[in-house]
Structures are given as C-alpha cells and as structure tokens.
There are 2 protein chains.
Amino acid sequence: MNITQHTDYALRVLIYLGACPERRVTVKEVAERFDISRSHVMKIVNQLVTLGFVEGLRGKGGGLRLGRPAGEIGVGEVVRRMEPGFDLVDCFRAESSCLLNANCRLKGALHAALQAFLAKLDELTLADLIVNQPRLRDQLGIVELTPVA
Amino acid sequence: MNITQHTDYALRVLIYLGACPERRVTVKEVAERFDISRSHVMKIVNQLVTLGFVEGLRGKGGGLRLGRPAGEIGVGEVVRRMEPGFDLVDCFRAESSCLLNANCRLKGALHAALQAFLAKLDELTLADLIVNQPRLRDQLGIVELTPVA
DNA sequence: TTAAAGATACACTTAAAATGTATCTTAATG
DNA sequence: CATTAAGATACATTTTAAGTGTATCTTTAA
C-alpha cells in the first residue's frame, strides 16, 4: 500500500510554497530543490493549479504561490484529489464482478478503513505542516528574497 | 492508493477456505472460481502457508485449509503481512533523504493515518467476513462435498 | 508405481508511474 | 516590438512492479 510520488510531491510542493509566501517560486526551483524532473513537477503543479491549490503565473517574473491560505488547505483534501484512484481493491470498481460482490463484508471493511485513513488526514491543514517556519525555510534552503541561481 | 491484488486475493482465498471448512480445497479450484492464473494463486497461497494462515497438504487428496480458526485470523494482520510495503511515501524508507526529513510533520501525519487504517481492519477477524455461511457458499458455488470438476 | 496435489524457479508480459524533449502560450521589460 | 523568462501542453520513452505462464521438483494417497 502506498501513495504515488505524485501525491507525495504535491504535498511537498505545497509545503515549500507555504514556507515561502513572500515571493513566487518557479517550477525549476522546486525541481532542483527536490531533485526530481522538471516535467514531473510540472505535471503535479498543473494539477494543483487546476484544483485551485496553487496559483500559477506565466511569463517573466512569473511563478507559483498558494491559491488559498495554508490554513484553508486540508491535507486530506489534497490527498483525495491528487491521488489517482481510491479503488482499494478490484471490487470497488463498477465493472468488477467478484463472486462475493452482493453481500461481501470485505468491501465494507476496507471502505471503512479507508475512511478512517482520510479522516485522520482531515484533521490537519497545510498550516499544521508548516509550523516552525524559520527552521523549515532553513531546511528547504530558502534564503531571504533570493531565488535559486 | 490501493492494495495489491495479491493482498486482495489473499483475503478472498481465506474467505473461500473459511466458507468451506469440511474439506480441503485445491489451488486449481480457487483459481478457476476467481478466474485468475493458477500461478498467481499459488504464490498467494504459498505466502499464506508460510505465514501460517493456511495449511497446505501435498499429494493426492491434498489441498488447502485454514491454518487457524477463522475467529483467530485478524483481517488487519493478514493485510499487514501480505502487503509488500507500507512505505506510504518515499520518506518512510531508511535510505530516503528528503530535505524536510528531520522535523517533517507530513511523515507523522501519514503514519498516523496508516495506523488508523489498520486499526479499523484490526476490529475484524476472518470469521466476521464469513457470517451467513450458507449464502456465501451459494455465491461461491460451493456444492456440498462436491469439488469442482 | 502412478496420479494428483502443492512447492519452487525463472522467464515473459503488461500497465502504470516517472522521465525526457520539444513546442506553444503568456507576460514583463528594455 | 523584440526578447526573455516563465508556465502549459503534448507526446514519446524508460523504468518498475505487478501479474502471468511454463516447466520441473517434491510429496502423499491409493
């Protein structure tokens, strides 16, 4: 059981943006900081923009910043919307035809567990992940008002 | 986010065995019933045997049956031991070196959510998934004392 | 001894995730 | 208005892990 890097990095990008609210951050900078491909970051960012979590501005001097205050971005919400599928098992999907289907208790049990998982994440907002901003900025290598070279 | 078919089918195999306690069930029968490859079932069964959830007997007249009473097989336990990795995200793994690492709250949050997920499954045993055995047997196509042709 | 079962090993296929490359669009600025 | 720097989009390629297939070994009952 795992979450895709896609979702994982979506959260990390949001943390980065949240820790650096005074300026726009570029995709290039994020990719270099986290040492992953620019195109992967771009895909993630695009989705975040589409969903309203991030605001992207094109052109010279453009870049990214949070689309809403960190306190209004739920961690559970991000995971729910970024993760491609929550069809924990085959029988969650419409076209599935497991023998048990009708009164299968397994399906219900897994569904309940999934809800518990997400509910736990719903307890937090992005702001909760960015407490102690100075230290976080330090770890992320964010220097005052100076973008990456 | 999903669980591998491996784990999914492990649970289904256990349900099948639990619903058919009066005789040994063969791998072939299970594969045909669930319409998946014999070798996939074999791999799953092997693991279940290694873990003690299932008892396999070779040779003519051999087959599978539960290794313990259904009431003593925890659903959470099965998922925990069958699922290949619970490294929800990269930073769960030892060799990972995320920038945030040290005081990253994300890691803690995801870990707590995972625990909530498993705790929910820990509330159930295999026996809870096999209530209404007659109906289940009917759905699984289990006929009294008559193996699949 | 034979047949029927699980056990083991390994090669192959498939699907999805991640990466790479190229090009388009937008916006600031000299 | 041209240039430059940014995100947006599209598509092809690579990589990885999950699943499948085939062959052979081992065990056990009859």
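Letters A, B, ... are given to chains in the order of the sequence lines, protein chains preceding strands, and every chain is numbered from 1.
Along DNA chain D, the nucleotide nearest to Gly59(B) and the one nearest to Val49(A) differ in position, and the one closer to the 5' end is contacted by Val49(A). Of the residues near DNA chain C, Lys43(A) and Asn46(B), the one whose nearest nucleotide (by heavy atom distance) lies more toward the 5' end is Asn46(B).
No side-chain heavy atom of Val75(A) sits less than 4.5 Å from a side-chain heavy atom of Val78(A). A heavy-atom distance below 4.5 Å is found between the side chains of Met82(B) and Leu51(B).
Val25(B) and Leu57(B) sit in two unconnected hydrophobic clusters of ILVMFWY residues. Membership requires side-chain heavy atoms under 4.5 Å apart, directly or through other members.
Atom CG of Asn2(A) is separated from atom C1' of dA17(D) by 10 Å (rounded to the nearest Å). Look at OH on Tyr9(A): it is 16 Å from P on dA17(C), rounded to the nearest Å. In this structure, CE of Met1(A) is placed 17 Å from C1' of dA17(D), rounded to the nearest angstrom. Residue Arg38(A) contributes atom CZ, which lies 10 Å from atom P of dA6(D) at whole-angstrom precision. In this entry the distance linking CG of Leu64(B) with C1' of dT28(D) reads 15 Å, nearest Å. At whole-Å resolution of the value, CZ in Arg58(A) and P in dT3(D) are 21 Å apart. Between His40(A) atom NE2 and dT9(D) atom P there is a gap of 17 Å when expressed in whole angstrom units. Per the geometry, CZ belonging to Arg24(A) stands 13 Å off C1' belonging to dT26(C), to the nearest Å.
Val25(B) comes within 4.0 angstrom of sugar-phosphate atoms only, judged by non-hydrogen atoms across all strands, and of no base. As judged by a 4.0 angstrom heavy-atom cut-off over every strand, Thr26(B) is placed among residues touching the sugar-phosphate backbone only.
Of the listed nucleotides (dG19(D), dG6(C), dA5(D)), dA5(D) has the atom at the smallest distance from the side chain of Lys60(A). Distance from the side chain of Met42(A) is smallest for dA8(D) among the nucleotides dG19(D), dG6(C), dA8(D). Listed candidates were dT20(D), dG6(C), dA18(C). Nearest to the side chain of His6(A) is dA18(C).
One can find a donor-acceptor pair under 3.5 Å joining the base of dG20(C) and the side-chain atoms of Ser39(A).
For Gln5(B) and dG19(D), the shortest distance from a side-chain N or O to OP1 or OP2 is below 4.0 Å.
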Subject >> Stepwise side-chain hydrogen bond (donor to acceptor under 3.5 Å, both in side chains) check, Gln47(A) with His6(A) >> reply: CA-CA 10 Å; Gln47(A) 208 176 333; His6(A) 205 75; 2.8 Å; yes
